[in-house]
Amino acid sequence: MGKRQSQPWIVVAADVLAEEQSPTELTELVPHSRAALRRRINRGLLVLAPVVAIPRGLGLWLTPVLVHTTWITALVGLPVVIALANDAYRALGHGIRDRYLVVRAGTFARRTVALQRDGVIGWTITRSYFQRRNGLLTIGATTAGVGCYKVRDVSVGAGLAYAEEAVPKLLTPFLERSPRG
């Protein structure tokens, strides 16, 4: 058996999958588009907005001290939101290594999933209104009994190409190719 990395999750993944080398170890993950970063920043701002707006409203109604706390909260909260959004964006990735699909996401709990390609029985494709506006989608590899492993906020072309490369001819009957012009 070869030399193992010191990270415990790599050793566990290789042991569980009965592989010499973990599929998550050397897989070069495909980064997502900048639109995925914008979505993460916007989500963070949606969380920050009520945290700032509620004390501001109360401050205008009750005491000016709360008004001052709102701009201080916004000043401190904005860099935190941007830092967390950047971290979540850097964590996004997907790839294929040998007979495994590899998907990674998460900020506080970063998760990397290695899924055997022959275990995929279908694909789920979802697009919210805002994803459609940005040319993104969420594509999920569906497995029997366990559920769905999602690649979030991937560009339409990259997501469909990933699904087609991962499990050839499973998605093909449902794709409509548009002529380039």
Side-chain angles (χ1 to χ4, degrees), residues 1-43 85-181:
M1 194 169 264
K3 182 182 174 187
R4 292 269 173 101
Q5 293 287 337
S6 62
Q7 292 103 346
W9 61 88
I10 292 175
V11 174
V12 169
D15 289 344
V16 167
L17 296 171
E19 296 283 341
E20 177 67 27
Q21 198 170 31
S22 172
T24 62
E25 187 175 0
L26 296 175
T27 304
E28 185 65 33
L29 298 180
V30 177
H32 291 208
S33 69
R34 300 292 282 181
L37 173 61
R38 282 194 307 272
R39 279 182 53 84
R40 271 135 192 81
I41 291 172
N42 288 339
R43 285 179 182 167
N86 275 307
D87 184 58
Y89 171 71
R90 282 192 313 271
L92 285 178
H94 62 280
I96 297 174
R97 176 161 186 221
D98 300 330
R99 54 191 191 110
Y100 293 97
L101 303 175
V102 180
V103 178
R104 185 180 67 201
T107 297
F108 297 111
R110 189 161 293 171
R111 292 178 191 90
T112 304
V113 175
L115 176 65
Q116 288 183 349
R117 292 162 63 174
D118 58 2
V120 176
I121 61 171
W123 293 98
T124 58
I125 299 169
T126 56
R127 296 179 77 187
S128 69
Y129 170 75
F130 296 106
Q131 283 179 316
R132 280 192 297 276
R133 285 186 54 196
N134 290 307
L136 301 174
L137 57 81
T138 296
I139 187 160
T142 305
T143 61
V146 177
C148 186
Y149 298 93
K150 296 180 179 182
V151 180
R152 300 181 190 281
D153 293 335
V154 64
S155 66
V156 173
L160 296 177
Y162 175 68
E164 184 59 29
E165 182 184 352
V167 186
K169 299 186 180 168
L170 182 61
L171 196 59
T172 305
F174 306 102
L175 294 178
E176 184 177 300
R177 307 237 187 252
S178 62
R180 293 198 170 173

**Message:** Using side-chain heavy atoms (C-beta onward) and a distance below 4.5 Å, is Arg39 in contact with Gln131?
**Reply:** yes

**Request:** Could you pull out the closest heavy-atom pair between Ala36 and His32, with the gap in Å?
**Result:** CB-CB, 4.1 Å

**Request:** Using salt bridge (charged side-chain N to carboxylate O under 4.0 Å, His left out) as the criterion, list what pairs up with Arg110, not counting sequence neighbours.
**Result:** Asp87

**Asked** Where the side chain of Arg99 meets the backbone of Asp118, is there a donor-acceptor pair that is under 3.5 Å apart?
**Response** no

**Prompt:** Which heavy-atom pair separates Ala91 from Gly106 by the least distance, and what is that distance?
**Reply:** CB-O, 3.0 Å

**Prompt:** Do you know which two heavy atoms are closest between Leu136 and Ser33, and how far apart they sit?
**Reply:** CD2-OG, 3.5 Å

**Asked** Does Arg117 use its side chain to pair, donor to acceptor, with the backbone of Ala166 at less than 3.5 Å?
**Response** yes

**Asked** Between Arg40 and Thr107, is a side-chain contact (heavy atoms from CB on, under 4.5 Å) present by the stated rule, with each step listed?
**Response** CA-CA 11 Å; Arg40 271 135 192 81; Thr107 297; over 6 Å; no

**Asked** For residues 140-150, which residue pairs qualify under side-chain hydrogen bond (donor to acceptor under 3.5 Å, both in side chains), counting only residues two or more places apart or in two chains?
**Response** none

**Prompt:** Backbone N or O of Tyr162 within a donor-acceptor pair of the His94 side chain at under 3.5 Å?
**Reply:** no

**Request:** Please report the closest heavy-atom contact between Ala141 and Val120, naming both atoms and the distance.
**Result:** CB-CG2, 4.0 Å

**Request:** List the atom of Leu29, the atom of Gly95, and the distance in Å for their closest heavy-atom pair.
**Result:** CD2-N, 3.7 Å

